[in-house]
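First comes the structure, then the notes that go with it.
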Amino acid sequence: MAQRAPTPCRHPGCHALVSDGTGYCVDHQDDHKHRFHDATAKHRQAARGPMATNSPAWRKIRARILSIEPLCRECQRLGSITPATCVDHIDEDPLNIADDNLQPLCASCHSRKTARVQRERRRDPFA
């Protein structure tokens with residue numbers, strides 16, 4: 001197999017020759033990976049908004065709801081006791097973070113509810 005022709009490192013001011021296809025010399029590969037990952041992660045987080053899953057604000061709300069009501073609400077309704085691991089938006093609006101719109105659920109109940117809501121949306125997408 002033919003070897004790549006060496007090109008200068010893409011890091012500003014670095015003139016080291018690189019032929020491995022990454023575009024960066026050994027000294028600058030790690031810097032570029034972290035900077036790119038951090039920038040794209042921040043961009044994705046900003047695009048989702050302040051209440052996006054795993055944002056600091058959402059983690060705080062989630063922790064508060066789970067501390068107030070640590071058991072799965074749906075399992076309790078069915079007569080079972082299961083620790084809650086998820087906080088669900090009852091009305092499916094992620095911007096509605098009122099306490100009466102948030103319910104603690106176990107992962108299994110949350111998955112079932114999410115699947116049910118998605119099926120209903122597919123049946124009637126304009127509802």
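Remember, it's a predicted structure, so these values are computed and weren't measured experimentally. What you see below is based on every heavy atom in this structure, not just the backbone, and it leaves out hydrogens, waters and symmetry mates. Throughout, numbering of the chain's residues begins at 1 and tracks the sequence.
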*Of all the heavy-atom pairs spanning Val18 and Gly23, show the shortest one and how long it is.*
CG1-N, 4.1 Å

*Minimum heavy-atom separation for His15 to Gly13, with atom names?*
CD2-O, 3.6 Å

_pair Leu17-Thr7: side-chain heavy atoms closer than 4.5 Å_ = no

*What's the spacing between Gln103 CD and Cys72 SG if we round to 0.5 Å?*
8.0 Å

*Salt bridge Glu74-Arg77, side-chain N to carboxylate O under 4.0 Å*: yes

*Point-to-point distance, once rounded to the nearest 0.5 Å, from SG of Cys75 to CG of Leu105*: 8.0 Å

_I'd like to know if the side chain of Thr85 and the backbone of Ala107 have a donor-acceptor N/O pair within less than 3.5 Å._
yes

*asked:* I'd like to know if the side chain of Gln29 reaches the main chain of Tyr24, judged simply by a donor and an acceptor atom lying under 3.5 Å from each other, with no hydrogens or angles considered.
replied: yes

_Nearest heavy atoms of Cys25 and Cys9, plus distance in Å_ = N-SG, 3.3 Å

*Which pair of non-hydrogen atoms, one from Asp93 and one from His89, has the smallest distance, and what is that distance?*
O-CD2, 3.3 Å

_Beyond-backbone contact of Ile61 with Leu102, side-chain heavy atoms, under 4.5 angstrom_ = yes

_Less than 4.5 Å apart, side chain to side chain, heavy atoms only: is that true for Pro70 and Pro83?_
no

*Taking C-beta and beyond as the side chain, do Pro104 and Cys86 meet within less than 4.5 Å on heavy atoms?*
no

_Whether the side chain of Asn101 engages the backbone of Asn96 through a donor-acceptor N/O pair (distance < 3.5 Å, no angle test) should be reported._
yes

*So Lys113 and Glu92, salt bridge (Lys or Arg N to Asp or Glu O under 4.0 Å) or not? Walk me through it.*
CA-CA 10 Å; Lys113 181 189 177 214; Glu92 297 301 316; 2.6 Å; yes

*For the pair Thr82 and Leu71, evaluate side chain to side chain contact (heavy atoms under 4.5 Å, CB included) and give the outcome as yes or no after the intermediate values.*
CA-CA 6 Å; Thr82 309; Leu71 299 177; over 6 Å; no

*Around atom CD1 of Ile81, are there more than 12 heavy atoms of other residues, nucleotides or ligands at under 6.0 Å?*
no

*asked:* Would you say that Ile65 contacts Glu69 through its side chain, given a criterion of any heavy-atom pair below 4.5 Å between the two side chains?
replied: no

*Go through Arg73 and Asp88 one step at a time and tell me if the salt bridge (Lys or Arg N to Asp or Glu O under 4.0 Å) criterion holds.*
CA-CA 10 Å; Arg73 192 178 287 177; Asp88 177 62; over 6 Å; no

*Test Arg64 against Lys60 for side chain to side chain contact (heavy atoms under 4.5 Å, CB included), laying out the working first.*
CA-CA 6 Å; Arg64 183 175 52 77; Lys60 188 175 180 180; 6.0 Å; no

*asked:* Can a side-chain donor-acceptor contact be found between Ser55 and Arg59 if the only test is distance below 3.5 angstrom?
replied: no

